[in-house]
A.B. asks: 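Structure incoming, see below.
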Amino acid sequence: GPEELWLEHGLPRLQQCRERFAALIGADPEEVAIIPSVSAGLSSIASCLDYRARSKIVLSAMDFPTNHYVWRAQERIGAKLDVVPTPDGIRVDAEDVAAAIDEQTALVNVNRVLFESSWIMDLHPIVEAARSHGAFVSVDDFHGSGVVPIDVHQLGVDFLLSGALKWLCGGQGIAFLYCRRDLIERL
């Protein structure tokens, strides 16, 4: 029956997906959730933030468009978006993103590999600036996971989202949300 199918086949496969994705990004399996899409994961993160305390969300002009849709939806409850421009339609300077981060920043949303140009962002100065101002960093890695190595523990990002559709050679409807261990209970 359907219960047997899920309990003996489906759920163990989902756990296997979590474990493999965690190993790919340098995380522990318990830090990874399976979600239906990156947008759903970003929406979950967005629902954990208090925009009265810190209202600013830093984005870039080269992010995948659905990232902005999620954050724009938060404007009605107090989020203020700061979109860092691109100098040439190919890249966004990490230093410009870092410079936009201040004491009002709740979260920095950054795409590690830019979908229009394949530019690979240098995340180190962004993470460093966010840490120094008490802001979170969320990385959309849909266009990097599986082809550009990353270690989330070494890098120190708070969240990383990716989907199986691109370079992970999976289908639609399965994506992953990494959440740094100490934030799981807190948020």
Side-chain angles (χ1 to χ4, degrees), residues 14 16-46 48-49 57-71 83-84 86 90-94 96-98 100-101 105-131 135-184 187:
L14 290 175
Q16 189 177 50
C17 288
R18 282 179 63 197
E19 290 168 358
R20 288 183 176 175
F21 183 74
L24 183 72
I25 65 167
D28 299 323
E30 301 78 29
E31 296 174 301
V32 174
I34 292 181
I35 54 177
S37 68
V38 168
S39 295
L42 280 177
S43 295
S44 294
I45 294 166
C48 296
L49 302 178
I57 304 296
V58 175
L59 304 155
S60 93
M62 299 285 292
D63 293 338
F64 195 75
T66 56
N67 289 184
H68 287 228
Y69 302 154
V70 169
W71 296 113
V83 180
V84 177
T86 173
I90 295 171
R91 71 191 188 323
V92 175
D93 292 323
D96 292 346
V97 176
I101 302 167
T105 305
L107 183 137
V108 181
N109 181 100
V110 62
N111 287 219
R112 185 166 69 118
V113 177
L114 304 183
F115 82 103
E116 289 184 288
S117 66
S118 299
W119 179 266
I120 301 172
M121 294 291 294
D122 179 6
L123 298 180
H124 294 283
I126 296 167
V127 171
E128 214 172 275
R131 285 289 156 271
F136 295 122
V137 176
S138 179
V139 177
D140 181 335
D141 202 38
F142 204 97
H143 297 90
S145 294
V147 291
V148 182
I150 191 168
D151 183 324
V152 291
H153 287 168
Q154 182 273 324
L155 187 58
V157 299
D158 301 297
F159 309 102
L160 183 136
L161 303 105
S162 190
L165 183 61
K166 275 271 195 210
W167 305 117
L168 299 180
C169 301
Q172 295 176 329
I174 184 167
F176 304 95
L177 166 59
Y178 158 79
C179 178
R180 200 177 78 222
R181 179 178 300 283
D182 63 303
L183 296 178
I184 295 170
L187 297 177

A.B. asks: If every non-hydrogen atom of Pro125 is compared with every non-hydrogen atom of Ala98, which pair is closest and at what distance?
C.D. replies: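 Heavy atoms only, the tightest pair is O-CB, 3.7 Å.
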A.B. asks: How many angstroms lie between atom SG of Cys48 and atom CG of Leu183, to the nearest 0.5 angstrom?
C.D. replies: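 With rounding to 0.5 Å, SG (Cys48) is 9.5 Å from CG (Leu183).
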A.B. asks: Assess whether side chain to side chain contact (heavy atoms under 4.5 Å, CB included) is satisfied between Met62 and Met121, documenting all intermediate values.
C.D. replies: CA-CA 11 Å; Met62 299 285 292; Met121 294 291 294; over 6 Å; no
A.B. asks: Would you call His68 and Val83 a side-chain contact if the rule is heavy atoms closer than 4.5 Å?
C.D. replies: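 Yes, at least one pair of side-chain atoms sits under 4.5 Å.
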A.B. asks: Can Leu107 and Phe159 be said to form a side chain to side chain contact (heavy atoms under 4.5 Å, CB included), step by step?
C.D. replies: CA-CA 10 Å; Leu107 183 137; Phe159 309 102; 4.2 Å; yes
A.B. asks: Which value, rounded to the nearest 0.5 Å, describes the distance between Phe176 atom CZ and Ser37 atom OG?
C.D. replies: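 It is 12.5 Å, given to the nearest 0.5 Å.
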A.B. asks: Would you check if Val38 and Leu42 make a side-chain contact, meaning some heavy-atom pair closer than 4.5 Å?
C.D. replies: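 Answer yes - side chains close enough.
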A.B. asks: I'd like to know whether Asp140 forms a side chain to side chain contact (heavy atoms under 4.5 Å, CB included) with Asp63, so could you lay out the CA-CA distance, the side-chain angles of the two residues, the decisive distance to 0.1 Å, and finally the verdict.
C.D. replies: CA-CA 9 Å; Asp140 181 335; Asp63 293 338; over 6 Å; no
A.B. asks: Mind listing the closest non-hydrogen atom pair of Leu160 and Ser145 along with its distance?
C.D. replies: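 Scanning both residues, the minimum pair turns out to be CD2-OG, 4.4 Å.
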A.B. asks: Keeping Arg181 on the side-chain end and Asp28 on the backbone end, is there a donor-acceptor pair under 3.5 Å?
C.D. replies: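 Looks like no, no N/O pair under 3.5 Å.
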A.B. asks: Please check: side-chain N/O of Arg18 versus main-chain N/O of Val32, any donor-acceptor pairing under 3.5 Å?
C.D. replies: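 Side chain of Arg18 to backbone of Val32, a donor-acceptor pair under 3.5 Å: yes, one is there.
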A.B. asks: Going from CG on Leu187 to CD1 on Ile45, what distance comes out if it is rounded to the nearest 0.5 angstrom?
C.D. replies: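 If we round to the nearest 0.5 Å, Leu187:CG and Ile45:CD1 are 9.0 Å apart.
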A.B. asks: Any side-chain heavy-atom pair from Cys17 and Ile34 closer than 4.5 angstrom?
C.D. replies: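 Counting from C-beta outward, Cys17 and Ile34 do come under 4.5 Å.
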A.B. asks: Ignoring hydrogens, what is the shortest heavy-atom contact between Gly146 and Leu24? Give both atom names and the distance.
C.D. replies: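 Closest approach of Gly146 to Leu24, heavy atoms only: N-CD2, 3.8 Å.
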A.B. asks: Rounded to the nearest 0.5 Å, how far apart are CZ of Arg91 and CG of Asp96?
C.D. replies: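 Rounded to the nearest 0.5 Å, the CZ-CG separation comes out at 8.5 Å.
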A.B. asks: Could you grab the distance from atom CG of Asn67 to atom OG of Ser39, nearest 0.5 Å is fine?
C.D. replies: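 Taking CG in Asn67 and OG in Ser39, the distance rounds to 7.0 Å.
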A.B. asks: Any chance you could measure Phe136, atom CZ, to Ile57, atom CD1, to the nearest 0.5 Å?
C.D. replies: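 Here the interatomic distance stands at 10.5 Å.
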A.B. asks: Please say which of Asp158, Leu161, Val157, Ile150 ends up in a side-chain contact (heavy atoms from CB on, under 4.5 Å) with Tyr178.
C.D. replies: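 Running side-chain contact (heavy atoms from CB on, under 4.5 Å) over Asp158, Leu161, Val157, Ile150 with Tyr178 returns exactly one hit, Val157.
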A.B. asks: Around atom CZ of Arg20, are there more than 12 heavy atoms from other residues, nucleotides or ligands closer than 6.0 Å?
C.D. replies: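 No - once you tally the heavy atoms of other residues, nucleotides and ligands closer than 6.0 Å, there are 12 at most.
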A.B. asks: Does a donor on one side chain sit under 3.5 Å from an acceptor on the other, for Asn111 and His143?
C.D. replies: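 Checked: Asn111/His143 side chains show no N/O donor-acceptor pair below 3.5 Å.
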A.B. asks: Quick check: closest heavy atoms across Leu155 and Val127, and the distance to 0.1 Å?
C.D. replies: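 For Leu155 versus Val127, the nearest heavy atoms are O-CG1, 3.4 Å.
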A.B. asks: Quick check: does any side chain N or O of Ser162 sit under 3.5 Å from a backbone N or O of Asp141, one acting as donor and the other as acceptor?
C.D. replies: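 Pair found, side chain donor or acceptor close to backbone of Asp141.
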A.B. asks: Nearest heavy-atom pair of Ala94 and Ile126: which atoms, and what distance?
C.D. replies: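 Closest pair (atom of Ala94, atom of Ile126, distance): O-CG1, 3.8 Å.
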A.B. asks: To check you understand the geometry: which heavy-atom pair defines the closest contact between Gly144 and Val113, and what is its length?
C.D. replies: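 Where Gly144 meets Val113 most closely, the heavy atoms are CA-CG2, 3.7 Å.
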